[in-house]
There are 2 protein chains.
Amino acid sequence: MNSTHVGSSHPAHDLPKLTKNQGLVFDVLSAEAGPMTAYAILDALRSEGFKAPLQVYRALDKLVEFGIVHRLESLNAFVACSHPGCAQNETAAFAICERCGGVNEFTPEKAVECLQAWADGAGFAPSRTTIELRGTCRDCMAAA
Amino acid sequence: MNSTHVGSSHPAHDLPKLTKNQGLVFDVLSAEAGPMTAYAILDALRSEGFKAPLQVYRALDKLVEFGIVHRLESLNAFVACSHPGCAQNETAAFAICERCGGVNEFTPEKAVECLQAWADGAGFAPSRTTIELRGTCRDCMAAA
DNA sequence: CGTGTAAATGTTATATTATTACACATATAG
DNA sequence: CTATATGTGTAATAATATAACATTTACACG
Ligand SMILES: [Zn+2]
Ligand SMILES: [Zn+2]
Ligand SMILES: [Zn+2]
Ligand SMILES: [Zn+2]
């Protein structure tokens with residue numbers, strides 16, 4: 001697949017015209033079911049001419065800024081956004097299965113309200129919020 | 001301060017008899033106002049004979065397991081628990097000021113309930129939950 | 001008290017994740 | 001066309017974390 005993203009299975013949001021490297025990184029992440037580390041992305045793109053981590057990290061910085069890729073802090077890994085709304089600056093939450101490595105993204109609106117209520121009381125002004133659940137997904141629970 | 005923790009300013013919980021290295025690491029973290037990286041802890045303990053990162057990481061693993069130290073995933077750093085309850089396996093949340101580096105720990109009971117409700121619906125069994133707010137604290141807002 | 005076992009420690013080397021620094025190329029606006 | 005901002009290439013290095021293996025200590029049990 002080239003960097004025009006035609007036929008991407010992911011929501012188009014309003015993609016801000018990705019550059020060549022940004023497009024390559026986004027394609028690789030979108031084609032992957034689960035999260036990938038920056039170095040896994042690098043390896044996947046060596047055939048496209050990538051040679052240094054910085055090529056990946058710079059693209060990831062932008063994609064995260066655009067809201068179409070998320071960083072999973074507890075994994076030091078990245079995942080393509082799997083639902084609309086994130087580009088509108090909503091906080092996303094992630095359920096990460098420790099058995100199969102799968103990641104399920106959801107929008108924790110109520111939880112965010114509760115955290116915002118705490119922040120209001122504490123005089124804390126949040127700029128971004130990380131919510132990550134580690135555990136076992138439904139399929140892996142069933143397969144136990 | 002030696003490793004007996006007499007006079008520690010932190011709640012005693014029910015400390016499970018820390019070993020020498022665990023005690024040293026806990027003392028260093030407790031004496032620090034904010035979070036510390038593993039390597040900062042290592043440097044602080046070179047005078048006590050520490051020479052390798054593993055001495056710190058092994059102690060941290062146990063202290064986190066005991067619930068008296070928390071890992072801040074978005075900082076790759078560690079902080080001594082600043083309130084009781086964590087040893088009872090409650091989920092802690094952290095408000096991290098990007099201006100001054102200060103960390104405020106709190107117990108997000110309502111938010112955890114909301115997340116648990118989502119998990120129940122999704123058939124996801126969480127084992128541990130990360131909640132970290134990045135932003136600006138009250139003092140730094142005022143000093144703006 | 002011995003003795004077996006689990007836990008903790010010491011040490012070296014290595015793996016993984018991320019950034020700094022600097023040169024060069026490309027896009028876009030005026 | 002230029003000025004400026006943004007993106008890219010590349011090498012070197014920093015920061016974070018783990019693997020592997022030998023040795024020591026804690027402590028339950030006979
Ligand atoms: Zn998203
Ligand atoms: Zn699973
Ligand atoms: Zn705590
Ligand atoms: Zn502050």
Side-chain angles (χ1 to χ4, degrees), chain A residues 2-5 15-29 32 34-66 68-79 96 98 101 130 132 134, chain B residues 2-4 15-29 34-66 68-79 96 98 101 130 132 134:
Chain A
N2 65 24
S3 63
T4 59
H5 315 105
L15 287 186
K17 284 179 230 155
L18 302 185
T19 65
K20 173 166 154 278
N21 286 3
Q22 289 162 15
L24 289 167
V25 169
F26 185 67
D27 283 348
V28 164
L29 261 184
E32 187 80 10
M36 295 180 79
T37 67
Y39 280 77
I41 295 168
L42 173 59
D43 287 340
L45 288 172
R46 288 197 191 278
S47 60
E48 301 286 344
F50 273 44
K51 294 185 177 164
L54 209 48
Q55 295 175 291
V56 175
Y57 281 110
R58 287 199 277 224
L60 285 172
D61 280 350
K62 286 296 182 181
L63 296 172
V64 168
E65 183 183 317
F66 297 154
I68 59 179
V69 164
H70 301 294
R71 176 183 171 80
L72 301 176
E73 301 286 357
S74 65
L75 291 180
N76 292 332
F78 301 84
V79 67
I96 303 166
E98 314 213 70
T130 298
E132 298 177 17
R134 307 290 295 264
Chain B
N2 65 24
S3 61
T4 59
L15 289 186
K17 282 180 229 153
L18 301 185
T19 65
K20 171 165 156 277
N21 286 3
Q22 289 161 15
L24 289 166
V25 169
F26 185 66
D27 283 347
V28 165
L29 261 184
M36 295 180 81
T37 67
Y39 279 77
I41 295 168
L42 173 58
D43 287 340
L45 286 173
R46 287 196 192 280
S47 60
E48 301 286 344
F50 273 44
K51 293 186 177 162
L54 213 46
Q55 296 176 289
V56 175
Y57 282 110
R58 288 201 276 226
L60 286 171
D61 279 350
K62 285 297 180 179
L63 296 172
V64 168
E65 183 184 317
F66 298 154
I68 59 179
V69 164
H70 300 293
R71 175 183 172 82
L72 300 176
E73 300 286 357
S74 66
L75 292 178
N76 292 332
F78 301 84
V79 67
I96 302 167
E98 313 213 71
T130 297
E132 296 176 16
R134 307 289 296 263

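Lettering of chains follows the sequences in order, A, B, ..., and the numbering in each one begins at 1. Quick caveat, the model's predicted, so the values are computed rather than measured.
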- With no hydrogens and no angle check, is any side-chain donor or acceptor of B:Q55 less than 3.5 Å from a backbone partner on B:N21?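 Not a single qualifying donor-acceptor pair exists.
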
- Message: Closer than 3.5 angstrom, by distance alone: can the side chain of B:E132 be matched with the main-chain N or O of B:E73 as a donor-acceptor pair?
- Response: yes

Please report, rounded to the nearest Å, how far the [atom2] atom of [N] is from the [atom1] atom of [X].
X     : N      : atom1 : atom2 : result
A:L60 : C:dT19 : CG    : C1'   : 14 Å
A:Y57 : C:dT16 : OH    : P     : 12 Å
B:F50 : C:dT11 : CZ    : C1'   : 14 Å
A:L75 : C:dA18 : CG    : C1'   : 16 Å
A:D61 : C:dT17 : CG    : P     : 16 Å

- Query: Is B:Q55 near enough to C:dG10 that one of its side-chain N or O atoms lies under 4.0 angstrom from OP1 or OP2?
  - Reply: yes

- For B:N76, enumerate each residue passing the side chain to side chain donor-acceptor pair (under 3.5 Å) test, keeping only those at least two apart in sequence or located in another chain. B:R71

- Item | Nearest-nucleotide 5' precedence on DNA chain C, A:A77 against B:N21 |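 Here B:N21 is the residue nearer the 5' end.
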
- Task: May I ask whether A:Y39 stacks on the base of C:dT17, given the cut-offs of 5.5 Å between ring centres and 30° between planes?
- Result: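 By the stated criterion, A:Y39 and C:dT17 stack.
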
- Whether each nucleotide of nucleotides 22-30 of chain C has a protein heavy atom under 4.0 Å at its base (B), only at its sugar-phosphate (S) or at neither (-) is summarised, 5' to 3', as ---------

- Note on the structure: Contacts of B:D61 meeting salt bridge (charged side-chain N to carboxylate O under 4.0 Å, His left out) (sequence neighbours excluded), chain-then-number -> none

- Message: For B:R58, give me all partners under salt bridge (charged side-chain N to carboxylate O under 4.0 Å, His left out), at least two apart in sequence or on another chain.
- Response: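 Here no residue qualifies.
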
- Message: Heavy-atom nearest nucleotide on DNA chain D for B:A40 versus A:K62: which residue maps closer to 5'?
- Response: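 Between the two, 5'-proximity favours A:K62.
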
- What are the 5'-most and 3'-most nucleotides of DNA chain D lying under 4.0 Å from any heavy atom of chain B?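 Result: D:dT16 to D:dA20.
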
Check residues 35-46 of chain A and write down every donor-acceptor pair under 3.5 Å in which the side-chain atom is one partner and the other belongs to a residue at least two apart or another chain.
{"residue": "A:T37", "atom": "OG1", "partner": "A:A40", "partner atom": "N", "Å": "3.1"}
{"residue": "A:D43", "atom": "OD1", "partner": "A:R46", "partner atom": "NE", "Å": "3.1"}
{"residue": "A:D43", "atom": "OD1", "partner": "A:R46", "partner atom": "NH2", "Å": "3.4"}

